[in-house]
Amino acid sequence: MTIRAHEKLLLTGAAGGLGQALRGRLKANCSVLRLSDRVAFGAAGAGEEVVLADLADAAAVDAMVQGVQAIVHLGGVSVEGPFGPILQANIVGLYNLYEAARKHGVQRVVFASSNHVTGFYRQSETIDADAPARPDGLYGVSKAFGEDLSRFYFDRYGIETACVRIGSSFPEPKDRRMLATWLSFDDLHRLITACLTTPVLGHSIVFGMSDNAVTWWDNSRARHIGYAPQDSSDIFREAVYARTPAPDLSDPAVQFQGGGFVKAGPFAD
């Protein structure tokens, strides 16, 4: 049973794919779910509030955060691309979010980091949360910055953060790489619930993955969070192999954990 740990919970990036998947699920975690994005995405339902805010707008972010007890932060640019938009949404925007959290006394944040923080490790390696960052692009760099920024706000101001390095969260794995990185929507919700309810979160890095047989990530450093995935990509393995060609082992997208991100760009702003 999901624990309702907060009176009012903020979900940013509510119009995105994961935001839509979590909108109904997170209502079980709070009395009021405040939903935010930069673009209109419909009216508030029962037990919801809708606030439109651009993360690069400090005043709008301050108003968005006021009155909530915890934040699930999915907002921002979620793919590799030109640096300008990534800078505004993922770097300036995250600073604005943590400043607002500090000012309004928010003590817990679940930050959607990414596996692309460590995308230049090889698929033949298994890493844990202590492995140094090796971002595979500007997007990964922005998420590495976010992990460092959240650590600063924990060390200086005591704001607890779970940096969830999300793998590939879709209804089912799309390709062979996702057999290792897949995170079901239900397991994503289980992971966020664990981050919101564990008695002592501190500053923690946790890999967002289901219980997949093949994995590149060791989550033992996050055992204190209490995340227990219940889904697995393994049931999709036969179908994925049947519809996809054998990998080209000379392809950097096959060699490195970041997949196609390691080859994307450079981009012009």
Side-chain angles (χ1 to χ4, degrees), residues 1-6 9-11 13 16-31 33 69-74 107-118 121 123 125-131 143 146-147 150-151 154 159-174 177-238 240 257:
M1 182 177 66
T2 302
I3 301 172
R4 184 168 292 177
H6 299 94
L9 178 65
L10 170 63
L11 172 65
L18 294 188
Q20 294 177 54
L22 287 171
R23 181 173 181 172
R25 291 171 170 87
L26 283 176
K27 290 181 183 180
N29 297 76
C30 57
S31 299
L33 180 63
Q69 288 76 53
I71 300 169
V72 177
H73 182 53
L74 304 182
Q107 289 297 303
R108 188 162 294 199
V109 178
V110 180
F111 166 54
S113 186
S114 172
N115 71 93
H116 296 290
V117 169
T118 52
Y121 284 93
Q123 293 188 12
E125 298 177 274
T126 302
I127 61 172
D128 64 17
D130 289 339
K143 292 299 184 178
E147 292 187 2
S150 64
R151 187 179 296 274
F154 172 66
I159 299 174
E160 293 186 299
T161 294
C163 298
V164 180
R165 290 179 178 171
I166 296 172
S168 308
S169 195
F170 296 95
E172 62 181 66
K174 295 181 176 181
R177 175 181 176 271
M178 288 191 189
L179 293 171
T181 63
W182 188 63
L183 173 66
S184 73
F185 292 154
D186 285 341
D187 275 344
L188 173 61
H189 181 229
R190 292 181 186 107
L191 176 50
I192 290 174
T193 296
C195 294
L196 290 172
T197 59
T198 190
V200 179
L201 179 62
H203 183 274
S204 299
I205 295 172
V206 56
F207 294 97
M209 59 182 178
S210 288
D211 187 21
N212 309 322
V214 175
T215 180
W216 309 318
W217 307 321
D218 174 0
N219 250 340
S220 58
R221 297 288 186 184
R223 288 290 299 276
H224 63 284
I225 292 174
Y227 168 53
Q230 297 180 24
D231 298 324
S232 173
S233 68
D234 300 348
I235 63 172
F236 302 102
R237 179 176 302 276
E238 185 174 337
V240 169
Q257 295 183 12

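In what follows, every heavy atom counts, from backbone to side chain, and hydrogens, waters and symmetry copies are set aside.
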*Asks:* Are Asn219 and Met209 close enough that some pair of their side-chain heavy atoms sits under 4.5 Å apart?
*Replies:*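 A side-chain contact exists here, since the closest heavy-atom pair is under 4.5 Å.
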*Asks:* Using every non-hydrogen atom in the two residues, find where Ser204 and Ile225 come nearest and quote the distance to one decimal.
*Replies:*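 So the minimum-distance heavy-atom pair works out to CB-CD1, 3.9 Å.
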*Asks:* So, taking the atom named CG in Asn115 and the one named CG in Leu183, what distance separates them when rounded to the nearest 0.5 Å?
*Replies:*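 Answer for the CG-CG pair, Asn115 versus Leu183, is 10.5 Å.
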*Asks:* Donor-acceptor pair, distance only, cut-off 3.5 Å: does the side chain of Ser210 make one with the backbone of Pro229?
*Replies:*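 No, Ser210 side chain to Pro229 backbone: no donor-acceptor pair under 3.5 Å.
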*Asks:* For Ser31, check side-chain contact (heavy atoms from CB on, under 4.5 Å) against everything at least two apart and list the hits.
*Replies:*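 Here the qualifying residues are Arg4, Glu7.
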*Asks:* Which pairs with one or both residues in residues 197-224 pass ring-ring contact (aromatic ring centres under 6.0 Å, His included), sequence neighbours excluded?
*Replies:*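 ring-ring contact (aromatic ring centres under 6.0 Å, His included) check on residues 197-224 returns Phe207-Trp217.
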*Asks:* Test of understanding: with side-chain contact (heavy atoms from CB on, under 4.5 Å), list the residues that count as partners of Thr198, not counting sequence neighbours.
*Replies:*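 Testing Thr198 for side-chain contact (heavy atoms from CB on, under 4.5 Å), a comparison that skips the adjacent residues, returns Arg108, Leu201.
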*Asks:* Might you point out which heavy atoms bring Ala213 and Ser232 nearest each other, and give the distance in Å?
*Replies:*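 Minimum heavy-atom separation between Ala213 and Ser232: N-OG, 4.5 Å.
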*Asks:* Under the rule for side-chain hydrogen bond (donor to acceptor under 3.5 Å, both in side chains), what residues qualify as partners of Arg221, not counting sequence neighbours?
*Replies:*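 By the side-chain hydrogen bond (donor to acceptor under 3.5 Å, both in side chains) rule, Arg221 matches Asp130.
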*Asks:* Show me the pairs that pass salt bridge (Lys or Arg N to Asp or Glu O under 4.0 Å) and involve residues 189-215, at least two apart or across chains.
*Replies:*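 Every pair satisfying salt bridge (Lys or Arg N to Asp or Glu O under 4.0 Å) with a residue in residues 189-215: Asp187-Arg190, Arg190-Asp231.
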*Asks:* Should Val240 and Arg237 count as side-chain neighbours, where that means a heavy-atom distance under 4.5 Å?
*Replies:*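 Not in contact.
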*Asks:* Nearest 0.5 Å please: distance from the NE2 atom of His116 over to the CZ atom of Arg165.
*Replies:*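 It is 12.5 Å, given to the nearest 0.5 Å.
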*Asks:* Can you tell me how far apart CG (Leu188) and CG (Leu22) are? Round to the nearest 0.5 Å.
*Replies:*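 The distance works out to 4.5 Å.
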*Asks:* Looking at side-chain heavy atoms only, is the closest gap between Val164 and Ile192 below 4.5 Å?
*Replies:*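 Not touching, per the 4.5 Å side-chain cut-off.
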*Asks:* Who passes ring-ring contact (aromatic ring centres under 6.0 Å, His included) against Phe236, sequence neighbours left out?
*Replies:*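 Phe236: ring-ring contact (aromatic ring centres under 6.0 Å, His included) contacts with Trp182.
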*Asks:* Measure the spacing between CZ of Arg151 and CD1 of Ile205 and express it to the nearest 0.5 Å.
*Replies:*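 It comes to 5.5 Å.
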*Asks:* So, using salt bridge (charged side-chain N to carboxylate O under 4.0 Å, His left out) as the criterion, who are the partners of Asp218 when residues are at least two apart?
*Replies:*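 Applying salt bridge (charged side-chain N to carboxylate O under 4.0 Å, His left out) to Asp218 gives none.
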*Asks:* Hey, could you give me the NE2/OG1 distance between His6 and Thr197, rounded to the nearest 0.5 Å?
*Replies:*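 The OG1 atom of Thr197 is 9.0 Å from NE2 of His6, to the nearest 0.5 Å.
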*Asks:* For residues Ile166 and Ala112, report the shortest heavy-atom separation together with the two atoms involved.
*Replies:*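 Ile166 and Ala112 have their closest heavy atoms at CD1-CB, 3.9 Å.
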*Asks:* Excluding sequence neighbours, so at least two apart, what forms ring-ring contact (aromatic ring centres under 6.0 Å, His included) with Phe111?
*Replies:*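 Scan of Phe111 (ring-ring contact (aromatic ring centres under 6.0 Å, His included), adjacent residues dropped) gives none.
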*Asks:* Shortest non-hydrogen contact from Cys195 to Val110?
*Replies:*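 Taking Cys195 first and Val110 second, the nearest heavy atoms are CB-CG2, 3.7 Å.
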*Asks:* So, using salt bridge (charged side-chain N to carboxylate O under 4.0 Å, His left out) as the criterion, who are the partners of Arg177 when residues are at least two apart?
*Replies:*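 With neighbours one apart ignored, the set is empty.
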*Asks:* Quick check: do Leu179 and Asn212 have side-chain heavy atoms less than 4.5 Å from each other?
*Replies:*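 Side-chain contact under 4.5 Å: no.
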*Asks:* When you measure from the side chain of Gln69 to the backbone N and O of Cys30, does any donor-acceptor pair fall under 3.5 Å?
*Replies:*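 No, because the side chain of Gln69 does not come within donor-acceptor range (under 3.5 Å) of the backbone of Cys30.
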*Asks:* Nearest 0.5 Å, please: how far is CZ in Arg23 from CG in Leu18?
*Replies:*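 If I round to the nearest 0.5 Å, the distance is 15.0 Å.
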*Asks:* For the backbone of Gly167 and the side chain of Thr181, can you confirm whether one donor and one acceptor N or O come within less than 3.5 Å of each other?
*Replies:*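 No, the answer is negative, given that no donor and acceptor are paired below the 3.5 Å cut-off.
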*Asks:* Mind checking what makes side-chain hydrogen bond (donor to acceptor under 3.5 Å, both in side chains) contact with Ser113, not counting sequence neighbours?
*Replies:*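 If we apply the side-chain hydrogen bond (donor to acceptor under 3.5 Å, both in side chains) test to Ser113, skipping adjacent residues, the hits are Glu147.
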*Asks:* Using the side-chain hydrogen bond (donor to acceptor under 3.5 Å, both in side chains) criterion, which residues pair with Asn29? Sequence neighbours excluded.
*Replies:*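 With neighbours one apart ignored, the set is His189, Thr193.
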*Asks:* Locate the shortest heavy-atom distance separating Ser114 from Lys143; write the atom from each residue and the value.
*Replies:*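 Smallest interatomic distance, heavy atoms only, reads CB-CG, 4.0 Å.
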*Asks:* Residues in side-chain contact (heavy atoms from CB on, under 4.5 Å) with Gln20, at least two apart?
*Replies:*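 Here no residue qualifies.
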